[in-house]
Every structure is written in structure tokens, then in C-alpha cells.
Protein chains: 2
Amino acid sequence: MLEVAVIGCGMTPFGEHYGKSLRNLVEDAYLSTIGSVDKGIDPKDIQAVWYGTLASSWASFPIPDFVGLSQLPVSRLENACATGSDAFRNACFSVMAGIYDVVLIIGAEKMNDEPCSSLWNYQAMENWNIGRSMPGVFALRATRHMHEFGTEREQLAMVSVKNHHNGALNPRAHFRFETTVEKALKSRMIAYPLGLLDCCPMTDGAAAAIICRADIAKKYTDAPVQVVGLGLATDTSYGTMTDEQLVGFPTTTKAAKEAFRMARLEPKDVDVVELHDCFTITELVSYEDLGFCRKGEGGKFVEEGMASLGGEIPVNPSGGLLAKGHPTGATGVAQIVEVFEQVRGQSGKRQVADAEIGLTHNLGVAPEGSVGLVTILRRGT
Amino acid sequence: MLEVAVIGCGMTPFGEHYGKSLRNLVEDAYLSTIGSVDKGIDPKDIQAVWYGTLASSWASFPIPDFVGLSQLPVSRLENACATGSDAFRNACFSVMAGIYDVVLIIGAEKMNDEPCSSLWNYQAMENWNIGRSMPGVFALRATRHMHEFGTEREQLAMVSVKNHHNGALNPRAHFRFETTVEKALKSRMIAYPLGLLDCCPMTDGAAAAIICRADIAKKYTDAPVQVVGLGLATDTSYGTMTDEQLVGFPTTTKAAKEAFRMARLEPKDVDVVELHDCFTITELVSYEDLGFCRKGEGGKFVEEGMASLGGEIPVNPSGGLLAKGHPTGATGVAQIVEVFEQVRGQSGKRQVADAEIGLTHNLGVAPEGSVGLVTILRRGT
């Protein structure tokens with residue numbers, strides 16, 4: 001297997017982009033990515049494109065044209081909320097196999113515009129009256145976690161406070177305000193115990209990355225970032241959820257195990273994490289599922305500041321989905337962007353000191369099951 | 001790069017499957033694939049799944065569960081009408097990279113049921129009044145080809161006659177009737193010069209394949225089929241089509257060039273072809289674009305029987321999209337199924353004598369551009 005390095009990353013600001021088309025967002029993410037390659041890159045070096053979008057478009061062959069890379073091969077990946085991460089994973093395989101030397105990954109979503117918005121409305125209409133809305137699906141995990149382990153709403157609120165604090169430091173975050181435990185607890189109830197500040201927003205945006213064979217990375221930058229671990233897992237639940245599925249996501253654990261094995265690393269080696277906090281409970285159980293603490297101790301983990309900037313394992317320095325936002329197809333790629341910058345020491349006020357190894361975790365969940373995807377990146381030598 | 005072999009292939013009959021769910025179709029294709037592995041296979045050997053569907057479902061994590069392969073990693077690929085082929089291509093990359101040893105590819109589509117049918121209706125409503133229906137888009141190529149090269153409607157009809165002849169020999173084809181040039185010419189006009197018998201039907205179905213590292217293929221079969229070439233290309237046209245785009249699909253040429261280079265083969269080496277004949281004109285120009293004859297000579301090629309069973313390069317022995325049918329996500333995988341069986345001598349009455357090297361060609365076309373994907377398979381040793 002050939003080794004793969006990330007040599008450039010970029011993204012649009014996340015937010016409501018009614019003033020921009022999907023094409024505009026893709027262009028903006030691409031240009032910032034090209035601009036991030038330290039020694040410059042001739043766009044002609046890019047040989048193929050992987051494109052992640054959950055529902056903003058299909059028949060993606062115009063995507064390379066949007067950014068002036070006409071006639072390049074492009075594949076569209078969709079894997080629920082883990083879409084962008086799986087576009088990155090498949091692109092990596094093509095380089096590891098020796099098929100392409102330099103590949104562009106783009107993730108994009110306009111959650112607030114057609115056709116994506118209809119998908120969510122349709123999903124909501126189909127399921128809302130029986131409580132299977134997205135907040136409802138995650139709320140079930142929260143009440144069960146509270147019942148099993150004594151987790152408190154205050155601890156969920158602490159996740160929100162932490163991520164909004166980080167988001168306020170991130171110029172590209174959708175929400176840039178601080179909040180407090182009190183405000184989070186008093187925010188409008190959505191699905192008990194999740195209030196408005198326990199939920200991520202509907203966000204538009206795009207993110208991109210350029211990867212290449214590790215042995216040619218130095219042509220583009222003296223600070224490449226190696227892709228050392230990739231893991232993907234799925235499960236299903238069809239109304240008969242296991243105890244494990246009620247208080248976490250076994251797909252996260254399985255994907256992490258696969259990624260750690262490939263990377264020959266352990267959870268304790270990780271310096272910085274971007275994980276899928278679509279709701280506060282999701283972040284809390286993911287501490288456990290990823291192996292950063294034991295099952296049931298997620299509440300304590302956030303309460304003790306372990307996941308804060310300056311803590312043992314800073315989680316979601318970007319603000320995460322809660323504050324940075326969650327444009328589904330872009331989310332996984334944006335996680336790569338943050339970790340790429342973190343391990344290169346480029347994260348400004350939210351920089352994690354001396355981060356060398358970073359992990360991204362993405363998750364897709366529906367009443368029928370879930371998909372987990374973990375990527376491990378390491379500062380190159 | 002590790003070499004990849006196909007060790008099993010299967011599919012449902014293609015047709016209108018109102019009596020079966022998408023899940024049923026996936027199950028049926030999977031079971032026939034497992035059953036095709038000569039020495040048998042323990043389903044537990046399968047490590048990952050790639051799933052191709054254009055629009056029949058999203059959030060594909062339940063797919064492995066449908067076939068009893070719970071909790072396997074699954075990625076959904078979508079690439080317009082080339083969807084199934086790109087699922088196969090991405091799966092191959094993962095094996096070539098050494099990530100997985102044994103991988104399952106499934107392509108499936110219910111064209112006649114929701115949500116897929118709405119997509120086509122939506123596409124039609126948006127574009128119909130300006131003639132940009134699918135038949136309209138391809139009819140433009142036909143009239144231009146007739147104008148430039150003197151191609152005749154009779155020659156288009158001959159493609160239909162040939163493929164319906166082959167389809168009548170294929171128990172899994174949607175349409176199993178013979179037709180004549182006269183009947184094809186008199187069939188109801190859809191978009192001049194394309195009559196009803198120049199058009200493929202709306203078809204439901206699923207197809208699957210199992211690939212593995214070539215060096216372990218003998219564990220499963222003494223007759224593995226090697227994947228020797230893969231090529232993907234896109235282009236765009238945004239209202240300013242080039243001369244080349246008016247009389248063919250440059251993406252086919254480009255994808256074929258890439259696949260032939262990887263395989264170290266030339267068009268003259270190919271013994272059997274499954275190509276994307278969504279309309280008769282598409283097959284005719286694809287003879288040219290794939291390099292089996294010169295540009296403009298496609299009409300003569302079919303007229304002289306070169307593409308017939310028993311001809312120089314038999315094309316679409318399965319009946320092609322015109323007779324076998326075109327369930328978008330399944331089509332590319334079904335092409336692999338046919339070539340797999342052909343080079344193993346398992347095609348019964350439609351067997352191409354001593355076929356050793358087979359090519360599949362898939363195409364996605366919209367007014368905005370096209371995507372071409374070529375795969376070359378070779379009888380293993």
C-alpha cells in the first residue's frame with residue numbers, strides 16, 4: 001500500500017448561504033484549498049476528484065468544471081451524515097492503490113435549499129408524528145444514558161458551552177457566540193432532554209482537501225500531513241436495539257478500532273479530535289465509544305475539562321457541528337481541514353498545543369441503524 | 001498495486017418488479033452471486049460492501065444487513081447512469097490498495113417506484129417543454145450523426161434488431177422478443193429519429209459481484225476473471241457543445257484510453273463488449289468512441305454484422321440496455337455479470353465463441369455533460 005499525505009485544505013465559512021449557489025460554495029472551498037498548498041500547486045497536477053454530497057445534487061460530472069478542472073474523473077459518494085468522510089476515504093484508496101498521484105476531495109451541502117431541504121422535510125413528515133425526528137432519535141440515547149449512568153443535563157450543557165466557546169474563536173463557524181450552562185438548560189426544549197442549544201444548526205457550506213502520494217508530498221509542502229488510519233463500520237437496529245446501541249454507537253467503536261489498528265496507535269496517542277456532535281449527547285457518548293474514557297464516564301470527562309482547549313484531549317476545537325455547523329456532505333471534509341491545520345500549528349486562538357496526531361470521527365444515524373467513520377492523521381516528517 | 005479478480009457474479013431477472021421491494025431485489029442478486037462462486041464462499045469472508053444506486057435509496061447502511069452481512073462497512077456510489085460501474089471501480093481500488101481481501105459490490109434500482117420515479121418525473125417536468133428529455137438529448141446526436149456521416153435510420157434500427165435478438169436469448173432480459181428493421185422504423189416516434197424501439201425501457205433490478213485479491217482467488221474458483229483495466233472520464237457542455245460532443249461522447253474515448261493503457265491492450269484485443277445502449281444511437285457512436293471503428297463508420301459497422309453474435313466484436317450479447325433493461329444503479333454491475341459469464345463460457349445460446357477479453361462501457365449523460373466509464377476484464381489463468 002502506498003502512503004498518502006494531505007497537502008492542502010480549505011473551506012468556506014459555514015452558515016446560511018442564500019446568496020451563493022452550490023457552485024459558488026464549491027468554487028470558494030476549492031480556491032482556499034489551492035491557496036493553502038505552501039509551495040503552490042499547478043491545478044493540472046490534480047488527476048481525479050471525489051465529491052461528497054448527501055442530497056444537494058446528483059450526476060456530479062459538472063463538479064470538476066465548476067473549479068476549472070474540466071474533464072477529470074469524478075465520483076460522488078453518499079454515506080448519510082458521514083458522506084464527506086467517505087469521499088475522503090475512497091479517494092485515499094485510489095492513491096494507496098497507485099491509480100492516481102494527486103486527488104481532490106470536495107464536500108458540499110446547501111441544507112437550507114432545494115433539493116436537500118425537501119429530503120429533510122420528507123424525512124420529518126414521515127416520522128415526526130411517532131417521534132422519530134433526528135432530535136428524537138438522539139434524545140432516546142440521552143435519557144437512557146442518564147438512566148444507566150446518572151449523566152446529568154448539566155453535563156450535556158457543558159458540551160454545548162465548550163463547543164460554542166471554541167466556535168466563537170473560529171472565523172469560519174456558523175455560530176460565534178459564547179453560551180453558559182444556565183442558558184443551555186433554559187433553551188427551548190426540542191426533544192427531552194435536548195434543548196435548542198443541544199442541537200446543531202442547519203448549515204450551508206463546502207470544504208475541500210488535496211491528497212497525494214506521500215513520496216511526492218515534499219514537492220508541494222514541507223509540512224504534509226499523513227493519513228495513517230481509516231475505519232468504517234455500519235450496524236442496523238430495526239426496532240430491536242441492543243443495550244450497547246441504546247447508550248452509544250457501536251459503529252464508532254468498530255470504526256475507531258479499525259483505524260487505530262491500521263495506524264498502529266491507541267486512543268491515548270491522540271492529541272486533538274474533531275468528532276460528530278450533532279447533539280450534545282452524541283459528543284458525550286463518542287468520548288466513550290472512541291476509547292477516550294470508559295462507557296458511562298462521558299459526563300465526568302467533559303465536566304473535568306478533559307475535552308476543553310487545554311485539556312487532556314481537546315475535542316472539537318473548531319466548534320464542532322454544534323457551533324461550526326453541519327452541512328452534511330461538507331462536514332467530514334471540514335473535520336479533516338481542522339485537524340490538518342491543528343497538527344500544522346495553524347489554528348490561531350484555538351490552537352491545541354503541540355498537536356501531532358489528530359482524529360476525525362463522523363457518524364450517520366437513522367432509526368434503522370448507523371454508520372461510523374474514523375480517520376487518523378499525523379503530522380508528516 | 002495488488003491485482004483484483006472477480007470470483008462470483010449474479011443478478012435478478014430485469015423487468016418490472018412491483019411485487020418485490022428494493023430489499024428483495026438486493027437479496028436475490030446477492031444469493032445468486034454467492035451461488036455462482038464455484039468452490040463456495042463463506043459469507044464471513046466478505047469484508048466490505050460498495051453499493052450503487054442512482055436514486056432508489058440513500059443512507060445505505062442497512063444494505064449489508066439485507067443480505068445477512070450485518071455491520072460491514074458500506075459505501076454508496078452515485079455517478080448518474082454509470083453508478084454501478086463506479087461502485088465496482090471504487091471497490092476495486094480498495095482491494096488494489098490492500099485494504100480489503102474480499103469485497104461485495106451491489107447495484108440496484110427500482111426505476112418504476114419511489115423515490116426514483118419522482119426524480120425522473122422531476123427531471124422531465126423541468127426540461128420537457130424545451131425538448132431536453134432524455135430521448136431528446138440523444139436524438140440531437142442522432143440527427144447530427146446522420147447529417148455529418150450519412151448514417152441512416154435503418155442502421156439505428158439494426159442496433160435494435162440485434163440487441164432484441166440477443167435479449168430473446170437471455171432469460172434475465174426485460175424484453176424477450178425479436179423485432180425487425182421494418183417494425184423498428186414504424187414504432188411510435190419518440191424524438192426524431194428515435195422511435196420506441198430505439199429506446200431502452202424503465203426497468204427494475206439488481207446485480208452483484210464479488211471481487212478479491214487475485215492471489216487468493218483460487219480458493220474460491222479455478223476460473224477467476226481478472227480486472228485489468230479501469231477508466232473514468234467526465235466532460236461538460238453548458239450549451240456550447242464541441243463538434244466532437246455532437247456526434248459522440250469524448251468521455252467514452254477518454255475512459256477507454258485510460259482503461260486500455262492500464263490493461264496494456266488495444267481495442268482489437270477485445271472479444272466481447274457490453275456497452276451503454278440507452279438508445280440505438282448511443283450504441284452506434286460508442287463503436288466509434290471505443291475505437292472499434294472510425295468516427296462516422298458506426299452505421300456500416302452494425303450493418304456489416306461486426307457487432308452481432310458471431311461477428312468480429314459481438315456487442316451487447318446480453319441484449320444491452322435496449323432489451324435487457326436499464327435499472328440505472330444495477331446496469332454497470334450487470335454488464336460485469338455478462339462479461340464474467342462470457343469469458344468463462346457460461347452464456348448458453350448467446351455465448352461468444354472463445355471470448356477471453358471483455359469490455360464494459362457505461363455512460364451517464366445530461367444536457368450539462370457526460371460521464372464515461374470503461375472496465376476491461378480478462379479470463380484468469
Side-chain angles (χ1 to χ4, degrees), chain A residues 1-2 48-50 53-55 58-66 70-83 86-87 89-99 115 119 122 230-236 238 250-251 254-255 258 262 364-366 368-373, chain B residues 1-2 48-50 53-55 58-66 70-83 86-87 89-99 115 119 122 230-236 238 250-251 254-255 258 262 364-366 368-373:
Chain A
M1 183 193 310
L2 294 169
V49 180
W50 263 257
T53 193
L54 198 157
W58 64 283
S60 56
F61 42 85
I63 290 289
D65 196 69
F66 286 3
S70 306
Q71 311 203 341
L72 284 195
V74 54
S75 292
R76 176 196 161 202
L77 256 291
E78 179 272 312
N79 212 334
C81 290
T83 289
D86 207 9
R89 170 176 167 268
N90 276 264
C92 285
F93 290 167
S94 78
V95 176
M96 288 171 179
I99 299 288
L119 178 78
Y122 176 78
L230 291 164
L232 174 67
T234 67
D235 68 359
T236 46
Y238 295 108
T251 49
K254 213 170 165 184
E258 197 181 319
M262 182 172 163
V365 176
E368 296 79 14
S370 72
V371 53
L373 207 160
Chain B
M1 184 193 308
L2 294 168
V49 180
W50 264 257
T53 192
L54 197 156
W58 64 283
S60 56
F61 43 84
I63 291 289
D65 196 69
F66 285 4
S70 306
Q71 311 203 341
L72 284 196
V74 54
S75 293
R76 175 195 163 204
L77 256 292
E78 179 272 312
N79 212 334
C81 290
T83 289
D86 207 9
R89 170 176 167 268
N90 276 263
C92 285
F93 290 167
S94 79
V95 176
M96 289 170 179
I99 300 288
L119 178 78
Y122 176 78
L230 291 164
L232 173 66
T234 68
D235 68 0
T236 45
Y238 295 109
T251 48
K254 211 169 167 185
E258 197 182 318
M262 182 172 163
V365 176
E368 296 78 15
S370 72
V371 52
L373 207 159

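The sequence lines fix the lettering, A, B, ..., with proteins before strands; numbering per chain opens at 1.
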Among the listed options B:Lys254, B:Gln71, B:Glu258, B:Arg89, the residue most often paired with chain A at heavy-atom distances under 4.5 Å: B:Gln71
Which of A:Cys92, A:Ala55, A:Ala80, A:Gly372 touches chain B most, by non-hydrogen pairs under 4.5 Å: A:Ala80
Selection from B:Leu230, B:Asp86, B:Thr251 maximising heavy-atom pairs under 4.5 Å formed with chain A: B:Asp86
Criterion side chain to side chain contact (heavy atoms under 4.5 Å, CB included) on A:Asn90 and A:Ser75, from CA distance to verdict: CA-CA 9 Å; A:Asn90 276 264; A:Ser75 292; over 6 Å; no
Heavy-atom closest contact (B:Thr236 atom, A:Phe61 atom, distance): CG2-O, 4.0 Å
Option in B:Pro250, B:Ala233, B:Ser94 with maximal non-hydrogen atom pairs under 4.5 Å from chain A: B:Ser94
Where A:Pro64 and B:Thr234 come nearest, the two heavy atoms and their spacing: CG-OG1, 4.2 Å
Portion of A:Leu72 that has a non-hydrogen atom of chain B nearer than 4.5 angstrom: backbone
Step-by-step side chain to side chain contact (heavy atoms under 4.5 Å, CB included) determination, B:Trp50 to B:Leu77: CA-CA 7 Å; B:Trp50 264 257; B:Leu77 256 292; 3.7 Å; yes
Residue selection (most heavy-atom pairs with chain A, distance under 4.5 Å) from B:Val74, B:Val49, B:Leu2, B:Val95: B:Val74
Chain A contacts, top residue of B:Ala255, B:Ser370, B:Gly231 (heavy-atom pairs, under 4.5 Å): B:Ser370
Selection from B:Asn79, B:Thr83, B:Ile99 maximising heavy-atom pairs under 4.5 Å formed with chain A: B:Ile99
Check: B:Arg76 side chain, B:Thr53 main-chain N or O, donor-acceptor pair, under 3.5 Å: yes
